[in-house]
Amino acid sequence: MQRRDFLRLLGTGAALGMMAPFADVLAAGSVTMPGNTGANGRVVVIGGGMAGTTVAKYLRLWGGTGVQVTLVEPNPTYISNIFSNKVLTGERTLTQLSYKYGALTSRYGVKLITKSVTAIDYVTQQVTLNDNSKLPYDRLVIAPGVAFDALPMSGTAAAQAKVVHAWQAGVQTTSLQTQIKAMTKADTFILTVPAKPYRCPPGPYERACVVADYLKRVKKGGKVVVLDANPGIQAEVENFTYAFKNIHKNITYVPNASISSIDANTGTVNTSVGAFKGKVVNAIPPHRAGKIITDIPALANVGGRWAGVNVLSYESAIPNIHVIGDAAATTQPKAGHIANAEAKVCADAIVHLLRGEAVNPSPMTNSACYTPITNKTASWLSVVYRYDPVTGTMLPTGNGVTESSGINKDNHDEMLKWFSNLMADTFA
Ligand SMILES: Cc1cc2nc3c(=O)[nH]c(=O)nc-3n(C[C@H](O)[C@H](O)[C@H](O)COP(=O)(O)OP(=O)(O)OC[C@H]3O[C@@H](n4cnc5c(N)ncnc54)[C@H](O)[C@@H]3O)c2cc1C
């Protein structure tokens, strides 16, 4: 796929899972909300991230006034993980990556409750909030993102506190940024990558590249060691292999490196392929679905870690409960763009179900990801998925994953547009 085809795809992908056309996003200020479309019911959405915010918006936009949507999210502001690697290098601030829920409530009529859900009673169909109040639902959508396993670590509490993942943008991002800023050209940055599945398959390799780039540009030296628990690079193999060998020769990539322990006092990471020492240890632990899902074994029915779903509607093993975004086990990657796409398939399905209609039997979704390689260049990947009735899964169409044929400034410029379009489609 050529870059122009990819951009055309982004621009025309309103069909269900894909992003709304640029024109729709730009005209969102004048959007006309439908009246009653025949869909009636109470939908509670847990989690106002990339998936939950999108589903809340599109349930109202497509379902109309009969669909009463309540979004429960503890934080008044969402901080985007996407581009948070650029916070580490000082190219962005967390404030620039912060999004509020004003448009969701004022433009689309979603009710926002700034609390968290502590329990789900799927027999009586109600959720309990952290103030002990209850919220009944006809359909529940859960989009809590991921939780992280504890890593085997020793050392003083202060030393352990410095070993962060920064894989959920926020205070850990600031901590890691401070530690990277304090590095000298004689220092090594160690990044550990968990076994898949983890959120944003290209994300760790992107981080290795932008940190390596920063160390060369700003510190005039410094090394990055990538300890990957997987047998090889998990996304954009050609571009990252090229970048590690030719653009960032200060990166050492080590596959099959499962962590056995971390000594935070000395910055030593012991792995299945040896011990590695660094000034800064950025350890990304294995992931699982958010706690509200793993608390309920019937929901976390994929290895006790992820929620199995029917990808025609994202309904889980428990009737009337849908799971979208990183917490769902599907054949699609755990990424913000696909979370937005899954949310639209789910919103469309719920609107049909509330009308007593059948859901779309052949949904399509699109995953796209731009990756900064330096502060001025980027690469990208894209996949279009279509429902496969034989396996009951979403399978890549055409040639599968397409990588950009180069790493360049044009891609970096387009990346900025892609990001603002995705975030506008989610939060505006
Ligand atoms: C460094 C990095 C770079 C990335 N880059 C990209 C990229 O370039 N492209 C891309 O597509 N993706 C990227 N991603 C991945 C992307 O950020 C995630 O896949 C995406 O955020 C998943 O969306 P989600 O809605 O499932 O989870 P989240 O966005 O994490 O949202 C979950 C929300 O649920 C809330 N929540 C959790 N539990 C509860 C509860 N009990 N009650 C109420 N609310 C709750 C949380 O507060 C949170 O707001 C990147 C990730 C990282 C870490």
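When reading the values below, keep in mind they use all heavy atoms of this one structure, side chains included, and skip hydrogens, waters and symmetry mates. Note that ligands are numbered from 1 as they come in the structure, with each ligand's atoms numbered from 1 the same way. All values derive from a computational prediction rather than experimental measurement.
Here atom 22 (C) of ligand 1 lies nearest to Asp326 when heavy atoms of Ile292, Thr371, Asp326 are compared. Compare Gly47, Cys200, Gly325 by their heavy atoms: the one nearest to atom 15 (C) of ligand 1 is in Cys200. Summarising the contacts of atom 48 (C) of ligand 1 with Lys86, Glu73, Met50, the nearest heavy atom is found in Glu73.
In this model, no donor atom of one side chain and acceptor atom of the other lie less than 3.5 Å apart for Tyr58 and Asn340. Between the side chains of Asn408 and Asp410, no donor-acceptor pair is found at a separation under 3.5 Å. Side-chain contact, His248 with Asp213: no donor N or O sits under 3.5 Å from an acceptor N or O. Side chain to side chain, Ser261 and Asn270 meet the donor-acceptor criterion of an N or O pair below 3.5 Å. Side-chain atoms of Asn81 and Ser84 include no donor-acceptor pair closer than 3.5 Å. Residues Asp228 and Tyr205 have side chains that bring a donor and an acceptor to within less than 3.5 angstrom of each other. In this structure, a donor-acceptor pair under 3.5 Å is absent between the side chains of Gln177 and Thr173. Side chains of Glu91 and Asn375: a donor-acceptor N/O pair is absent below 3.5 angstrom, by distance only. Side-chain contact check for Thr128 and Lys134: at least one donor-acceptor pair (N or O, by modelled atom type) lies under 3.5 Å.
The closest approach between a heavy atom of Gly203 and any atom of ligand 1 is not below 4.0 Å. The shortest separation from a heavy atom of Pro74 to ligand 1 is under 4.0 Å, placing the residue in contact. Using a 4.0 Å cutoff on heavy atoms, Gly290 does not count as a contact of ligand 1. In this structure, Trp418 is part of the shell of residues with a heavy atom less than 4.0 angstrom from ligand 1.
Around atom NZ of Lys162, no more than 12 heavy atoms belonging to other residues, nucleotides or ligands sit under 6.0 Å away. Around OH of Tyr242, the count of heavy atoms belonging to other residues, nucleotides or ligands within 6.0 Å does not exceed 12. Annotation: Lys279, atom NZ; neighbour count of heavy atoms from other residues, nucleotides and ligands within 6.0 Å does not exceed 12.
For the pair Ser116 and ligand 1, the shortest N or O to N or O distance does not fall below 3.5 Å. At under 3.5 Å, not a single nitrogen or oxygen of Ala339, backbone or side chain, sits near a nitrogen or oxygen of ligand 1. For a threshold of 3.5 Å applied to N or O pairs, the pair formed by Glu206 and ligand 1 contains no separation below that value. The shortest N or O to N or O distance between Ser84 and ligand 1 is not below 3.5 Å. Residue contacts with ligand 1: Val117 is placed with a nitrogen or oxygen under 3.5 Å of a nitrogen or oxygen of the ligand (distance criterion only). In terms of polar-atom proximity, defined here as any N/O pair under 3.5 Å, Ala166 makes no such contact with ligand 1.
A salt bridge links Asp413 to Lys409: one of the charged nitrogens lies within less than 4.0 Å of a carboxylate oxygen. Under a 4.0 Å N-O distance rule, the pair Asp149/Arg305 qualifies as a salt bridge.
Taking atom 21 (O) of ligand 1 as the reference point, the nearest protein heavy-atom neighbour is Tyr78 OH, 3.3 Å. Considering only non-hydrogen protein atoms, atom 12 (N) of ligand 1 sits nearest to Gly336 N, 2.9 Å. Annotation: atom 39 (C) of ligand 1 to nearest protein heavy atom, Ile46 CG2, 4.2 Å. For atom 28 (P) of ligand 1, the nearest non-hydrogen atom of the protein is Arg199 NH2, 3.7 Å. With hydrogens left out, the protein atom closest to atom 8 (O) of ligand 1 is Cys369 SG, 3.3 Å, a heavy atom. Scanning the protein heavy atoms around atom 31 (O) of ligand 1, the nearest turns out to be Gly49 CA, 3.2 Å. At the top of the distance list for atom 52 (C) of ligand 1, counting protein heavy atoms only, stands Asn81 CB, 3.5 Å. Scanning the protein for heavy atoms near atom 27 (O) of ligand 1, the closest one is Gly145 CA, 3.4 Å.
For ligand 1, the atoms closer than 4.0 angstrom to any heavy atom of Asn85 are 1 (C). Atoms of ligand 1 found under 4.0 Å from any heavy atom of Val72 (numbered from 1 in listed order, with element): 43 (C), 44 (N). Numbered from 1 in the order shown, with element, the atoms of ligand 1 that lie under 4.0 Å from a heavy atom of Asn75 read 47 (O). Atoms of ligand 1 lying under 4.0 Å from at least one heavy atom of Ala143, given by number and element, are 32 (C), 33 (C), 34 (O). The contact set between ligand 1 and His337, taken as ligand atoms under 4.0 Å from a residue heavy atom, comprises 10 (C), 11 (O). Close approach to Trp167 involves these atoms of ligand 1, each under 4.0 Å from a residue heavy atom: 1 (C), 53 (C). Ligand 1 places these atoms under 4.0 Å from at least one heavy atom of Lys334: 19 (O).
Both the backbone and the side chain of Ala51 come within 4.0 Å of ligand 1, judged by heavy-atom distances. Residue-level proximity to ligand 1 for Ile338 is absent, since no heavy atom of it falls below 4.0 angstrom.
Counting only heavy atoms from C-beta outward, the side chains of Trp306 and Val146 approach each other to under 4.5 Å. You'll find the side chain of Val384 reaches within 4.5 Å of the side chain of Met364, heavy atoms only.
Between Phe244 and Tyr253, the ring-plane angle classifies as tilted under the 30° and 60° cut-offs.
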